[in-house]
Amino acid sequence: MKRILVSGGAGFIGSHLCTRLVKEGNEVICLDNFFTGSKSNIAHLMDNHLFEYVRHDITIPYSAEVDEIYNLACPASPIHYQYDALQTIKTSVLGALNLVELADRIGAKILQASTSEVYGDPMVHPQPESYWGNVNPIGVRSCYDEGKRCAETIFMDYYRQKKVRIKIIRIFNTYGPNMLPNDGRVISNFMVQALKGEDITIYGTGQQTRSFQYVDDLIDGMLLMMATPDDFTGPLNLGNPNEYTILELAQKVIDITSSSSKIIFHPLPMDDPKQRKPDITLAKEKLNWEPRIPLNEGLKSMANYFRNYKY
Ligand code: NAD
Ligand code: UDP
């Protein structure tokens, strides 16, 4: 049994991680400021003696004696991270600094949830970890992209200079239950629109691509990464390499929900990456991991989740 701190534990991915860690018999402290997280995501854990939550903003230092830290705190949907860009960059940079300093002080292992956004609008396809990316440092997505890049730098410098036991994962587009209906990301938007019979809003032509990973696959990969030997820090891609255009995704959602929704086209947001697909060779080699849940199966589970959601 370990004591584990999960920042952002009431969010979409964090709530799945807390559930899994508690299920495996660990004591979990969930830190969250509830900006995009919700108590309903962790309601099933509230009465469990292994679980506690603390309302806290990671831009302010926090202290606890734990064995491991997962730093997931940060809004991940473009509309939410752009809503208060300054808070996003503070969360990414100061939050990462506060938690890695805590790890250094108490000798804990720490995993940083980084992102495929560190590759920006990639010129290399698919994206291996060795690719340095193509990122606009002054655009509307920069608070998130550059914040996450800086957090990776901070982690690597704590590893080199202070020997902190760090892990960095670069998460590619992930979806699953516990996403909010107003999350703003593409799968939740399309699903909710399709189930309500509203127009499906494609930004741009829909020819841009993404590769979608179901959350259970990601959680498997995260736990495996945390358990790797100390001399393996990453960064390591975790994502599903099956690539779809956004138009193909819209069509799949319509088919799976048997929806009468029409597809409509809105302007493409600034700096929206044209293509994205992870190279997961390193994850296969180091973790013996690859995603198992195909998009059709994951989308059916999302449809069920949003059908039963108490709006
Ligand atoms: P989410 O928005 O559902 O969860 C983020 C959680 O962090 C929320 O509970 C929010 O309230 C909390 N939070 C935000 N700022 C905070 C702060 N300053 N202090 C404390 N808590 C704070 O997003 P998610 O999809 O679950 O993403 C979790 C992590 O994974 C994020 O760091 C994100 O960058 C990373 N990630 C996610 C994806 C994805 O596709 N879901 C892709 C790449 C990276
Ligand atoms: N997108 C879309 N309609 C929506 C929401 C998103 O066409 O209602 C597009 C968006 O422009 C992007 C892709 O879907 O090209 C993925 O968007 P998301 O916000 O989910 O993730 P990210 O852009 O961060 O990969």
Side-chain angles (χ1 to χ4, degrees), residues 6-18 30-39 41-42 53-60 62 70-82 84 87-92 94-96 98-99 111-118 121 141 144-145 147-148 151 169-176 178-180 183-193 199-215 218 222 237-239 244-247 249-250 253 263-276 278:
V6 180
S7 79
F12 155 50
I13 296 172
S15 57
H16 287 273
L17 180 64
C18 289
C30 160
L31 277 193
D32 208 294
N33 69 354
F34 293 102
F35 174 49
T36 49
S38 90
K39 282 195 187 155
N41 281 348
I42 47 170
Y53 86 84
V54 180
R55 184 184 285 269
H56 180 83
D57 190 312
I58 62 158
T59 60
I60 296 160
Y62 177 80
Y70 289 85
N71 181 25
L72 273 66
C74 188
S77 163
I79 54 165
H80 293 302
Y81 69 65
Q82 289 168 28
D84 186 347
Q87 171 66 9
T88 299
I89 198 150
K90 284 181 197 165
T91 295
S92 299
L94 296 178
N98 286 332
L99 289 177
L111 180 145
Q112 166 67 5
S114 189
T115 168
S116 52
E117 286 285 325
V118 301
D121 192 2
R141 293 174 87 104
Y144 183 74
D145 299 8
K148 290 283 189 178
I169 55 166
R170 292 181 179 158
I171 304 171
F172 283 66
N173 297 65
T174 302
Y175 69 100
N178 293 3
M179 291 183 94
L180 296 172
D183 177 276
R185 281 175 279 186
V186 67
I187 289 193
S188 44
N189 271 12
F190 285 3
M191 254 316 151
V192 172
Q193 290 163 343
D199 292 343
I200 306 251
T201 53
I202 288 188
Y203 304 157
T205 60
Q207 291 310 312
Q208 70 272 37
T209 69
R210 293 294 186 274
S211 310
F212 299 101
Q213 155 173 252
Y214 193 70
V215 65
L218 171 65
M222 288 176 91
N237 290 339
L238 288 177
Y244 297 89
T245 66
I246 296 304
L247 194 55
L249 175 72
V253 170
I263 291 176
I264 59 164
F265 294 88
H266 284 197
L268 190 68
M270 183 184 174
D271 291 341
D272 199 283
K274 285 182 271 311
Q275 52 179 8
R276 186 181 292 151

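Bear in mind that the values here come from a model prediction, so they are computed numbers and not experimental data. Just so it is clear, the values below take in all heavy atoms, side chains as well, and ignore hydrogens, waters and symmetry mates. When a residue number appears, it is its place in the shown sequence, counting from 1. Atoms within a ligand are numbered from 1 in the order they appear, just like the ligands themselves.
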* Work out which heavy atom in N41 is nearest to a heavy atom in F12; give both atom names and the distance. => ND2-N, 4.1 Å

* Structure fact -> Nearest non-hydrogen protein atom to atom 40 (O) of ligand 1, with distance, is T174 N, 2.8 Å

* Asked: Which residue holds the protein heavy atom closest to atom 38 (C) of ligand 1, what is that atom called, and what is the gap in Å?
  -> I171 CG2, 3.9 Å

* Asked: Under a heavy-atom criterion of less than 4.0 Å, does S114 contact ligand 1?
  -> yes

* Does G95 come within less than 4.0 angstrom of ligand 1, counting non-hydrogen atoms of the residue? -> no

* contact_flag A10 ligand 1 heavy-atom lt 4.0 Å -> yes

* Structure fact -> Any heavy atom of Q87 under 4.0 Å from ligand 1? The part involved is side chain

* To do: Indicate yes or no: does an N/O atom of L72 lie under 3.5 Å from an N/O atom of ligand 1?
  => yes

* To do: Give yes if a backbone or side-chain nitrogen or oxygen of T201 is under 3.5 Å from a nitrogen or oxygen of ligand 2, and no if not.
  => yes

* To do: Report yes if Y144 has an N/O atom closer than 3.5 Å to an N/O atom of ligand 1; otherwise report no.
  => yes

* Asked: Would you say R141 contacts ligand 2, with heavy atoms under 4.0 Å as the rule?
  -> yes

* Asked: Going by distance alone, is a donor N or O of one side chain under 3.5 Å from an acceptor N or O of the other, for T174 and Q213?
  -> yes

* To do: Ignoring angles and geometry beyond distance, decide whether G11 reaches within less than 3.5 Å of ligand 1 through its nitrogen or oxygen atoms.
  => yes

* Asked: Quick one: does Y175 get within less than 4.0 Å of ligand 1, heavy atoms only?
  -> no

* Structure fact -> Closest to atom 17 (O) of ligand 2 among protein heavy atoms sits V186 CB, 4.0 Å

* To do: Of all the heavy-atom pairs spanning P75 and T88, show the shortest one and how long it is.
  => CG-OG1, 4.0 Å

* Could a heavy atom of R185 be found less than 4.0 Å from some atom of ligand 1? -> yes

* Applying a strict 4.0 Å limit to heavy atoms, is S77 in contact with ligand 2? -> no

* To do: Around atom 9 (O) of ligand 1, find the nearest protein heavy atom and jot down its residue, atom name and distance.
  => D32 OD2, 2.6 Å

* Mind checking whether S116 has an N or O less than 3.5 Å away from an N or O of ligand 1? -> no

* To do: Compute the minimum heavy-atom distance from K148 to ligand 1 and say whether it is under 4.0 Å.
  => yes

* Of all the heavy atoms in M179, does at least one lie under 4.0 Å from an atom in ligand 1? -> no

* Tell me, please: is Q193 in heavy-atom contact with ligand 2, that is, under 4.0 Å? => no

* Please determine if N33 has a nitrogen or oxygen closer than 3.5 Å to a nitrogen or oxygen of ligand 1. => yes

* Under the criterion salt bridge (charged side-chain N to carboxylate O under 4.0 Å, His left out), which of R276, K274, R141 is the partner of D121? -> K274

* Give the residue and atom name of whichever protein heavy atom lies nearest to atom 3 (O) of ligand 1, and the separation in Å to one decimal. => F12 N, 2.9 Å

